Amino acid sequence: MSAKSTPGSADADAKVAAEAERIGAMAPQALEKATLSGKKNGFEAKKVAKVNVEAGRDMKADKAECQPLASLAGGFTHIAAVGVEHRTLEPTEAKNATVGSMWLASHSEKNAKKVMTDLRTAVKKCPDGFKTLGLSYRPVEQLKDPGLGDDAVGYRITSVVGKQKVPMTYTVVRKDGVIAAFYGVNMLTPKKAAIPEAVIEGQLKQLG
């Protein structure tokens with residue numbers, strides 16, 4: 001038990017690990033070890049404190065069919081995962097203007113497949129975008145599916161805050177029961193905002 005652990009948190013961790021084993025999902029501790037960290041393939045991955053991501057957990061879309069997109073915008077999958085790991089992604093080369101984030105969500109393989117099916121449906125049904133927490137995301141543009149992992153979806157959504165428009169390019173990949181979501185922003189060249197495949201493939205390789 002770490003210095004920061006308490007008996008209660010240890011019990012909770014044990015229950016989560018047991019649930020992960022029951023449904024055949026990757027346990028949270030294993031997921032953490034399998035998530036990118038440090039500098040690799042032109043980006044530095046840095047762990048995000050849990051308190052900084054929890055605000056996005058309950059992002060609700062104003063249209064139910066758009067919920068998978070709203071959940072991913074908040075940093076989570078619309079189906080609850082047994083474990084989630086978040087990282088920021090910062091370029092290590094000064095000439096690279098793409099910044100972004102990534103997160104891994106551990107599911108049973110059945111639920112992971114449903115996450116991808118629902119996401120693909122949402123991209124098709126929500127071209128005009130959605131609103132959540134007072135923020136607007138529009139439009140939603142379907143991109144060519146990347147040939148990565150066991151299944152992958154690519155799309156671009158634009159966050160509208162006041163008069164500021166921020167196009168975000170998402171690449172969401174499934175490998176077995178793990179959903180790996182990557183999003184990039186490039187204000188200079190929005191169409192080049194996707195996180196490079198080399199970074200994504202490096203993460204998939206680390207998953208084993």
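For this chain, numbers begin at 1 and follow the sequence in order. Computed from a prediction, not measured in an experiment: that's the story for all the values here.
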Looking at [atom1] of [X] and [atom2] of [Y], how far apart are the two atoms once the value is rounded to the nearest 0.5 Å?
X	Y	atom1	atom2	result
Gln29	Glu85	CD	CD	10.5 Å
Asp118	Lys125	CG	NZ	9.5 Å
Ser136	Ile157	OG	CD1	11.5 Å
Lys39	Lys46	NZ	NZ	8.5 Å
Met187	Lys165	CE	NZ	11.5 Å

Margin query: I'd like to check the side-chain contact (heavy atoms from CB on, under 4.5 Å) partners of Ala80; sequence neighbours left out, ordered by chain and number.
Written below: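 Here no residue qualifies.
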Item checked: Val161: partners by side-chain contact (heavy atoms from CB on, under 4.5 Å), with sequence neighbours left out -> Leu135, Ser159
Closest contact, heavy atoms only, [X] versus [Y]:
X	Y	answer
Pro167	Pro190	CG-CB, 3.9 Å
Ala70	Ala61	CB-CB, 3.7 Å
Pro146	Ala152	O-CB, 3.2 Å
Thr169	Ala193	OG1-CB, 3.7 Å
Val99	Pro91	CG1-CD, 3.7 Å
Pro139	Pro127	CB-O, 3.4 Å

Please answer whether the main-chain N or O of [Y] pairs with a side-chain N or O of [X] as donor and acceptor at a distance below 3.5 Å.
X	Y	result
Glu109	Lys175	no
His86	Gly75	yes
Ser101	Thr88	no
Thr132	Lys60	yes

Does [X] belong to the same Ile/Leu/Val/Met/Phe/Trp/Tyr cluster as [Y], with side-chain heavy atoms less than 4.5 Å apart forming each link?
X	Y	value
Val160	Leu72	no
Val115	Ile23	no
Leu119	Ile79	yes

State, with a plain yes or no, whether a side-chain heavy atom of [X] is found less than 4.5 Å away from one of [Y].
X	Y	value
Cys126	Leu69	yes
Ser71	Thr77	no
Tyr137	Met168	yes
Glu19	Arg22	yes
Thr121	Glu65	no
Lys47	Ser37	no

Note to self: My understanding is that a hydrophobic cluster links ILVMFWY residues whose side chain heavy atoms are under 4.5 Å apart, including indirect links. Using that, what else belongs to the cluster containing Leu89?
What the structure shows: Met26, Leu31, Leu36, Phe43, Met102, Leu104, Leu148, Val173, Val178, Phe182, Ile195, Val199, Ile200, Leu204, Leu207
Margin query: Please list all pairs meeting disulfide bond (SG atoms under 2.5 Å apart) that have one or both residues in residues 165-208, counting only residues at least two apart or in different chains.
Written below: none
Notebook entry, point to check: So which pairs with a foot in residues 137-150 pass salt bridge (Lys or Arg N to Asp or Glu O under 4.0 Å), sequence neighbours left out?
Noted result: Arg120-Asp145, Glu141-Arg156, Asp150-Arg174
Note to self: Would Asp151 and Lys113 count as a side chain to side chain contact (heavy atoms under 4.5 Å, CB included) here? Give the steps.
What the structure shows: CA-CA 8 Å; Asp151 191 10; Lys113 288 180 177 179; over 6 Å; no
Quick check: are there more than 12 heavy atoms from other residues, nucleotides or ligands sitting under 6.0 Å from [atom1] of [X]?
X	atom1	answer
Glu21	CD	no
Lys114	NZ	no
Gln142	CD	yes

Checklist line | Where at least one partner belongs to residues 198-208, residue pairs that pass side-chain hydrogen bond (donor to acceptor under 3.5 Å, both in side chains), sequence neighbours excluded | finding: none
Next item on the list: Evaluate the side chain to side chain contact (heavy atoms under 4.5 Å, CB included) criterion for residues Phe76 and Asp58: first the C-alpha distance (whole Å), next the side-chain angles of each, then the deciding distance (0.1 Å), finally the verdict.
Entry: CA-CA 9 Å; Phe76 294 88; Asp58 296 317; over 6 Å; no
Margin query: Parallel, tilted or perpendicular, judged at 30° and 60°: which one describes the rings of Tyr170 and Tyr155?
Written below: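 Parallel, since the angle between the ring planes stays under 30°.
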